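Step one of this worksheet: look at the structure below.
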Amino acid sequence: MGLAEYRQQLDEIDAQIVRLFEQRMEISEEVAGEKIRTGRRVLDKKREQEKLATLSDMTGSDFNKRGIRELYQQIMAISRKRQYQMMDDAGQLHRLPFIEVDHLADDDTRVVYQGAAGSYSEAAMLQYFGRDIRNFSVATFRDAMSAIEEGAADYAVLPIENSTAGIVSQNYDLLSEFENYIVGETVIPIRHCLMGVPGTTEETIQRVYSHAQSLMQSEKYLSGHLSWQQISMQNNAFAAQKVAADHDVTEAAIASRYAAEHYGLQVIREGVNQSETNSTRFIIVTNQKIFLGGARKISLVLEIAHESGSLYRTLSHFIYNDLNMTKIESRPIEDRNWEYRFFIDFEGNLNDSSVRNALRGLRDECRSLKLLGNY
């Protein structure tokens with residue numbers, strides 16, 4: 001028998017498999033109807049594991065045992081996704097506890113940012129909320145998250161990602177730790193300037209102050225001035241503040257033009273960072289479960305079983321609901337070696353049925369899930 005005959009046999013078998021699959025899905029829908037009537041959960045992990053073991057034992061080789069297990073894990077996952085759709089149609093996927101609002105700020109709104117006046121964080125706050133917003137600054141990102149959790153501020157502005165340096169890992173961890181939620185984002189171009197008090201020149205400088213990341217981003221320029229001592233500061237604006245206070249022409253800061261203007265420093269050289277396209281994304285965070293109408297991005301953090309295939313099965317909920325995942329980051333879980341939390345961004349709105357379906361499936365099948373916001 002030749003290749004053509006083998007292919008014909010496979011076609012005939014595949015047609016049978018498709019018919020049986022459709023029959024199985026029809027019965028699964030009947031099962032879903034019964035679950036809807038009785039209020040039972042879609043996922044029954046014990047029943048699923050027993051079924052997979054029984055099916056695996058029906059095969060004649062170790063290779064086929066694994067193949068059958070993988071095949072039926074997918075069939076069962078598809079069945080669950082259809083059941084979630086039916087639950088939504090029946091009105092049993094309740095709306096998530098987030099309230100849609102038409103604006104964020106009013107005359108009484110207070111906003112907190114980390115750093116000092118003249119920082120990129122202040123610039124991001126002013127860009128998003130406008131120059132008339134009531135605001136104050138704190139020393140650390142944790143202080144900013146605490147301020148909104150405790151009600152001292154309504155919103156916090158925090159950097160979350162730089163286009164060249166990557167994520168701000170501390171703020172990812174804080175989003176998982178605090179019961180605060182993202183309601184907006186804004187992007188600030190990063191253009192570092194070398195600055196000093198009037199009279200400072202490249203020839204008079206002996207010490208340059210800046211945040212460690214900004215010093216790194218300006219490495220190419222600084223490599224031409226090896227005699228300068230590089231001193232790391234907690235924040236670029238703090239560096240500019242120190243240089244202004246010391247009033248010493250042997251000192252310079254690398255910070256933003258906003259900082260130079262705020263502290264009365266002269267810009268000696270603009271754009272000392274290598275990248276012409278460097279920018280930082282800032283998130284707007286609050287302690288309220290709210291989202292703006294028209295929001296099109298959703299962020300969440302989840303933990304999954306530490307076993308083969310668990311991430312693949314998790315991500316399938318986005319595929320089956322036609323949701324475009326735009327970002328995934330992992331962060332280690334404290335006190336659990338080699339286990340990770342996953343931070344995921346995807347397109348959608350909490351009012352979309354596809355989003356509700358995906359979130360319900362993820363909540364049932366993940367160890368834990370926290371919706372970080374719709375913005």
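Everything numeric here is computed off the predicted structure, so don't read it as measured data.
- For Asn324, the CG atom sits in a packed shell: over 12 heavy atoms of surrounding residues, nucleotides or ligands are nearer than 6.0 Å.
- Between the side chains of Ser176 and Arg341, a donor-acceptor pair is found at a separation under 3.5 Å.
- Screening residues 141-152 for side chain to side chain donor-acceptor pair (under 3.5 Å), with sequence neighbours left out, gives Thr140-Asp143, Arg142-Glu177.
- Between Gln83 atom CD and Asn357 atom CG the span is 12.0 Å, to the nearest 0.5 Å.
- Arg19 pairs by the salt bridge (charged side-chain N to carboxylate O under 4.0 Å, His left out) definition with nothing, not counting sequence neighbours.
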For this session: Determine, stepwise, if the pair Glu161 / Glu185 fulfils side-chain contact (heavy atoms from CB on, under 4.5 Å).
Result: CA-CA 11 Å; Glu161 179 182 19; Glu185 66 178 353; over 6 Å; no

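- The side chain to side chain donor-acceptor pair (under 3.5 Å) contacts involving residues 112-131 comprise Tyr120-His192, Gln127-Thr186, where partners must be two or more places apart or lie in separate chains.
- Sparse packing is recorded around NE2 of His247, with 12 or fewer heavy atoms of other residues, nucleotides or ligands lying under 6.0 Å away.
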Let me check something: any side-chain donor-acceptor pairs from residues 361-370 under 3.5 Å, sequence neighbours excluded? List them with distances.
residue	atom	partner	partner atom	Å
Asp364	OD1	Arg41	NH2	3.3
Asp364	OD2	Tyr84	OH	2.9
Glu365	OE1	Arg80	NH2	3.2
Glu365	OE1	His317	NE2	3.3
Glu365	OE2	Arg80	NE	2.8
Glu365	OE2	Arg80	NH2	3.4
Glu365	OE2	His317	NE2	3.4
Arg367	NH1	Glu339	OE1	3.0
Lys370	NZ	Leu175	O	2.7
Lys370	NZ	Phe178	O	2.3

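- Applying the ring-ring contact (aromatic ring centres under 6.0 Å, His included) test to Tyr72 and every residue at least two apart in sequence or in another chain returns nothing.
- If you take CD1 on Ile298 and CG on Asp352, they are separated by 7.0 Å, rounding to the nearest 0.5 Å.
- Within a 6.0 Å radius of CD in Glu270, other residues, nucleotides and ligands contribute more than 12 heavy atoms.
- Salt bridge annotation for Arg207-Glu251: present, with a cationic side-chain nitrogen under 4.0 angstrom from a carboxylate oxygen.
- Under a cut-off of 6.0 angstrom, the local environment of CG in Asp14 is crowded, with over 12 non-hydrogen atoms contributed by other residues, nucleotides or ligands.
- The hydrophobic cluster containing Met233, built from Ile/Leu/Val/Met/Phe/Trp/Tyr side-chain heavy atoms closer than 4.5 Å, also comprises Met195, Val197, Tyr209, Ile231, Phe238, Val243, Val249, Tyr263, Leu265.
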